[in-house]
Amino acid sequence: MSSSLDLPPKGGFSFDLCRRNAMLESKGLKAPTFLKTGTTIVGLVFQDGVILGADTRATEGPIVADKNCEKIHYMAPNIYCCGAGTAADTEAVTDMVSSQLQLHRYHTGRESRVVTALTLLKKHLFNYQGHVSAALVLGGVDVTGPHLHTIYPHGSTDTLPFATMGSGSLAAMSVFESKYKESLSRDEGIQLVVEAISAGIFNDLGSGSNVDVCVITKGHKDYLRNHLLPNPRTYVNPKGFTFPKKTEVLLTKITPLKEVEVVEGDAMEIA
Amino acid sequence: MDQKVDLNAPHSMGTTIIGVTYNGGVVLGADSRTSTGVYVANRASDKITQLTDNVYVCRSGSAADSQIVSDYVRYFLHQHTIQLGRPATVKVAANLVRLLSYNNKNFLETGLIVGGWDKYEGGQIFGVPLGGTIVQQPFAIGGSGSSYLYGFFDQAWKEGMTKDEAEA
């Protein structure tokens, strides 16, 4: 006797369709691939701190899903993190570690250190053996000085004076390799980051739209959202959208919502 | 099967690492390239990691795996040093590396060379390759680039070198 009752969902992964998927794949159906952000994210260390930069395009395969998304995530007042890879993974992992850092700040009573964020992220990503597809550029300034790290989806980290990640990383790295030098000033640093991101935007299909920059120095940060907009909409119709004649209105009837009456219940019983 | 270029390949270190003993201690050497498939992800990586004041390890293989293993070993060694009350010996460090490598051999892909100096045995080099074997050697080479060095070491290695000879 087959049960016709709908059991409440038990949670967790439902394996019901796995056999069907396997059958379809054996017949030659190509499974849909992962949706990645396709990004250019960069970071560099300058004389007073670190500068992070990112483009703002989020892609779903060949389609641009978000023309102006935020890829520079807040971790702590003095630490920011750029994320490339699957958008959901980068958001989730940075939010989680940001909360853990805040709890840690309450426990210790001190400003968060970049290596703390680094270790938390690294442990999490390694535990998931690369299945959490988040490639991050983590930068910040703490009591020990300015720090810049890259974190790969499998959990390995590198500490570098300048770093690029994402599909546009090759274009951006070429800019950094030719123009980076030690002890850049703030303006030179921002200029270089903007150039690197622009190289990614114009030469990589997965990156585009605007440039976001975040400058972190000791005790101060500047989140320059949409610092550069090199891709404005070129033609905007001054009349706006117009639609042809609508369907005819035959009848209009307005029914107001009923007045909800709040009645005071009995006083709370105190045993 | 033909190889496809995969930019999302796990971050691995095509590497050459060397450890050599001489009369007075050890010399460790490593290149600095980390690659993801064919792209060079980091051209200035530090593959020689400190475990304690007197013991260092050269890492090769998967970057993530070798970093995690050396982090764990550094932590255990630190505890061990506090409990023992004396600096840890190179043999202990190498055995800790070996235990982690061997017991997790199905999950890890990392070859390590542990080298250091302690006052009991002097300079020592231990190779801990992929499966988790531990073998003490007067010199050790590892990593994908080491195949080119077998011949060189065969010819150039001799016992009781000075520091300069060893570094060369």
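FYI, side chains are in, hydrogens and waters are out, and symmetry mates aren't considered; it's all heavy atoms of this structure. Chain letters run A, B, ... following the sequence lines, proteins first and then strands; every chain starts at 1.
- Under the salt bridge (charged side-chain N to carboxylate O under 4.0 Å, His left out) criterion, no residue pair touches residues 79-105 of chain A, with sequence neighbours excluded.
- Interatomic distance, OG of S62(B) versus OH of Y152(A), reported as 13.0 Å (0.5 Å rounding).
- Heavy atoms of other residues, nucleotides or ligands lying less than 6.0 angstrom from NE2 of H104(A) number 12 at most.
- Annotation: K105(B), atom NZ; neighbour count of heavy atoms from other residues, nucleotides and ligands within 6.0 Å is above 12.
- I68(B) CD1 to N127(A) CG: the interatomic distance, rounded to the nearest 0.5 Å, is 7.5 Å.
- For residues 112-138 of chain A, the salt bridge (charged side-chain N to carboxylate O under 4.0 Å, His left out) pairs, not counting sequence neighbours, are K122(A)-D71(B).
- Crowding of L84(B) atom CG: a count of heavy atoms from other residues, nucleotides or ligands under 6.0 Å exceeding 12.
- Few gaps surround CZ on F202(A); more than 12 heavy atoms of other groups in view lie less than 6.0 Å from it.
- Neither the backbone nor the side chain of T119(A) comes within less than 4.5 Å of any heavy atom of chain B.
- Heavy atoms of other residues, nucleotides or ligands lying less than 6.0 angstrom from OH of Y74(A) number more than 12.
- With sequence neighbours excluded, the residues satisfying side chain to side chain donor-acceptor pair (under 3.5 Å) with T49(B) are R59(B).
- Chain B is approached within less than 4.5 Å, heavy atom to heavy atom, by M173(A), E177(A) from residues 173-183 of chain A, ordered by number.
- H154(A) approaches A64(B) most closely through the heavy-atom pair O-CB, 3.2 Å.
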